[in-house]
Amino acid sequence: MRPKACRAEAGIPELPEVETVKRQLAEAVTHLRFAVVEAIEPAMLRDTTEEQLRTELPGRTIVHVCRLGKFLLLKMDGQRHLHLTLHLGMTGQILVTPYGKVQAGADGPHTRFVFKLVKDDGTFARFEFRDIRKFGRVHLTGNGPAPKLRDLGPDAWIGDWDTRYLKDRLRGRRAPIKAFLLDQRNLAGIGNIYADEILWWAELAPLRPCGTLTVEEVARLAAEIRLTLEEGVRRLGCTVADFVDIEGRPGGFQERLRAYGRQGQDCVRCGEKIIRVIIAGRGTGYCPGCQR
DNA sequence: CCCAAGTCCTGGTTGC
DNA sequence: TGCAACCAGGACTTGG
């Protein structure tokens with residue numbers, strides 16, 4: 001079985017988008033071995049020198065691909081627990097293509113890393129990390145995942161946390177609830193778009209100070225975090241690579257938005273106009289009518 | 001020119 | 001007053 005061509009991108013990568021990439025990547029590269037590593041943009045490296053990437057990765061086989069929040073982790077075989085950790089930043093894309101297709105194998109203007117992978121049967125695949133804005137990051141670490149991952153809270157979608165955890169973390173804080181959701185140390189994986197959508201579903205105003213949420217509201221928030229991300233994963237899981245628009249969002253995503261980017265339009269729940277404010281330095285859409 | 005985004009960094013503020 | 005925790009805002013980057 002040859003490695004399947006895979007083009008994984010999905011607009012701004014938040015948890016559901018990264019989960020989609022993770023699934024496609026796992027399918028495409030698990031059990032393949034690194035052969036040649038090319039770091040075109042070494043400035044995107046963390047915890048790692050270009051030299052280490054070039055010398056330590058070749059010969060190692062990918063045994064597992066997983067995700068924590070917005071981070072992708074590729075675990076290698078061998079004793080040293082070598083991990084390649086990827087963050088897609090804002091505009092990162094992963095492309096995996098079998099070699100032999102001239103068109104598929106070419107560097108683009110935004111190609112930042114290229115990994116040549118080899119399979120048991122001797123065929124090769126090209127694993128490319130593209131990133132227009134270079135906010136993406138690549139870590140190669142021995143003895144476990146990148147140190148950065150230790151600062152992350154539990155995975156917002158499938159992590160081990162509950163209403164009690166949220167309540168404890170929110171207590172006494174004056175920062176707006178939206179800023180709390182964006183802080184990866186609390187929960188990992190929520191970005192600007194899903195934060196707005198979660199707060200709309202939970203009927204909570206994004207400016208509400210964390211500490212003012214009632215137990216009932218925290219329970220609502222906890223439920224909507226799981227449900228909104230679940231829906232995102234399900235929808236993007238249906239987004240076959242070929243359907244993904246080069247420009248950004250996969251089909252069906254934009255029309256599902258209830259708050260983010262809908263300023264000036266009617267709230268589909270109460271009819272009030274969605275407004276836009278800046279919170280935590282980020283554009284925020286919400287309904288002043290029903291989000292309290 | 002300004003805007004968007006995720007994360008890192010800095011410096012100022014709050015409250016015990 | 002001291003100090004840690006907290007919080008706001010700028011830097012980074014590029015294309016629309």
Side-chain angles (χ1 to χ4, degrees), chain A residues 9-19 21-22 40-48 67-73 85-94 107-113 129-139 145-153 155-157 166 168-199 206-213 229 232 245-250 253-254 257 259-264 274-286:
Chain A
E9 58 174 339
I12 293 153
E14 299 188 32
L15 190 152
E17 289 77 11
V18 178
E19 175 66 19
V21 172
K22 178 232 146 186
I40 297 161
E41 190 61 57
M44 288 168 62
L45 290 171
R46 292 294 181 276
D47 308 313
T48 321
R67 177 194 60 76
L68 176 59
K70 304 172 191 173
F71 286 85
L72 289 165
L73 284 82
T85 303
L86 307 176
H87 193 294
L88 300 177
M90 283 179 55
T91 53
Q93 305 170 14
I94 302 289
D107 277 9
H110 307 121
T111 301
R112 309 304 183 189
F113 294 87
F129 186 1
R130 287 189 185 182
D131 188 8
I132 295 171
R133 296 190 189 170
K134 300 195 260 189
F135 278 14
R137 295 291 176 256
V138 174
H139 312 242
K148 188 163 298 298
L149 298 191
R150 284 198 288 269
D151 296 333
L152 295 180
D155 189 83
W157 177 43
L166 273 196
D168 288 347
R169 285 232 143 203
L170 290 165
R171 184 175 44 212
R173 296 198 183 185
R174 302 174 303 280
I177 183 65
K178 165 135 179 189
F180 177 91
L181 293 179
L182 292 175
D183 189 338
Q184 305 296 299
R185 292 170 298 186
N186 299 318
L187 290 173
I190 300 170
N192 199 40
I193 296 169
Y194 281 89
D196 282 5
E197 295 306 295
I198 288 163
L199 290 170
L207 279 165
R208 273 285 293 282
C210 295
T212 68
L213 266 65
L229 293 172
D245 179 358
I246 300 281
E247 290 304 310
R249 301 200 172 82
F253 184 70
Q254 215 156 0
L257 294 176
Y260 178 84
R262 294 195 70 244
Q263 58 269 17
I274 301 290
I275 64 173
R276 183 177 182 276
V277 296
I278 303 292
I279 300 173
R282 297 288 168 257
T284 302
Y286 79 101

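Numbered from 1 within each chain, the chains take letters A, B, ... in sequence-line order.
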Notebook entry, point to check: Do the side chain of Arg133(A) and the base of dT13(C) come within less than 3.5 angstrom through a donor-acceptor pair of N or O atoms?
Noted result: no

Next item on the list: Please state whether the base of dT7(B) and the side chain of Arg282(A) form at least one donor-acceptor pair under 3.5 Å?
Entry: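 Between dT7(B) and Arg282(A), which were checked side chain against base, a qualifying N/O pair under 3.5 Å is present.
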
[X] vs [N]: side-chain N/O to OP1/OP2 distance below 4.0 Å:
{"X": "Gln184(A)", "N": "dT7(B)", "answer": "yes"}
{"X": "His87(A)", "N": "dT7(B)", "answer": "yes"}
{"X": "Lys134(A)", "N": "dT14(C)", "answer": "yes"}
{"X": "His110(A)", "N": "dG15(C)", "answer": "yes"}

In this structure, how many angstroms lie between the [atom2] atom of [N] and the [atom1] atom of [X], rounded?
{"X": "Asp183(A)", "N": "dA5(B)", "atom1": "CG", "atom2": "C1'", "answer": "16 Å"}
{"X": "Ile190(A)", "N": "dT7(B)", "atom1": "CD1", "atom2": "P", "answer": "12 Å"}
{"X": "Arg150(A)", "N": "dT7(B)", "atom1": "CZ", "atom2": "P", "answer": "18 Å"}
{"X": "Arg137(A)", "N": "dC8(B)", "atom1": "CZ", "atom2": "P", "answer": "8 Å"}
{"X": "Tyr260(A)", "N": "dG6(B)", "atom1": "OH", "atom2": "P", "answer": "8 Å"}
{"X": "Leu207(A)", "N": "dC7(C)", "atom1": "CG", "atom2": "C1'", "answer": "14 Å"}
{"X": "Leu88(A)", "N": "dT13(C)", "atom1": "CG", "atom2": "C1'", "answer": "16 Å"}
{"X": "Arg169(A)", "N": "dC6(C)", "atom1": "CZ", "atom2": "C1'", "answer": "13 Å"}

Note to self: I'd like to know if Arg67(A) and Asp155(A) make a salt bridge, using a cut-off of under 4.0 Å between side-chain N and carboxylate O.
What the structure shows: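 Result for this pair is yes, salt bridge flagged.
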
Note to self: Let's go through Lys70(A) and Glu14(A) carefully: what are the C-alpha distance in whole Å and the side-chain angles of both, what is the deciding distance for salt bridge (Lys or Arg N to Asp or Glu O under 4.0 Å) to 0.1 Å, and is it a yes or a no?
What the structure shows: CA-CA 6 Å; Lys70(A) 304 172 191 173; Glu14(A) 299 188 32; 5.7 Å; no

Notebook entry, point to check: Using a distance-only test with no angle check, is there a side-chain donor-acceptor pair under 3.5 angstrom linking Asn192(A) and Arg282(A)?
Noted result: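 Absent: no donor and acceptor within the cut-off.
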
Margin query: Heavy atoms only, 4.0 Å cut-off, all strands: where does Pro209(A) land among base, sugar-phosphate and nothing?
Written below: nothing

Next item on the list: Could you walk me through whether Asp168(A) and Arg171(A) pass the salt bridge (Lys or Arg N to Asp or Glu O under 4.0 Å) test, one step at a time?
Entry: CA-CA 5 Å; Asp168(A) 288 347; Arg171(A) 184 175 44 212; 3.7 Å; yes

Next item on the list: Using the salt bridge (Lys or Arg N to Asp or Glu O under 4.0 Å) rule, take Asp196(A) and Lys178(A) through it: C-alpha gap first, then chi angles, then the decisive distance, then the call.
Entry: CA-CA 8 Å; Asp196(A) 282 5; Lys178(A) 165 135 179 189; 2.6 Å; yes

Margin query: Between Ile132(A) and Gly281(A), which residue's closest nucleotide on DNA chain C lies nearer the 5′ terminus?
Written below: Gly281(A)

Checklist line | Given DNA chain B, 5'-ward residue of the pair Lys70(A) and Ile278(A), judged by closest heavy atom | finding: Ile278(A)

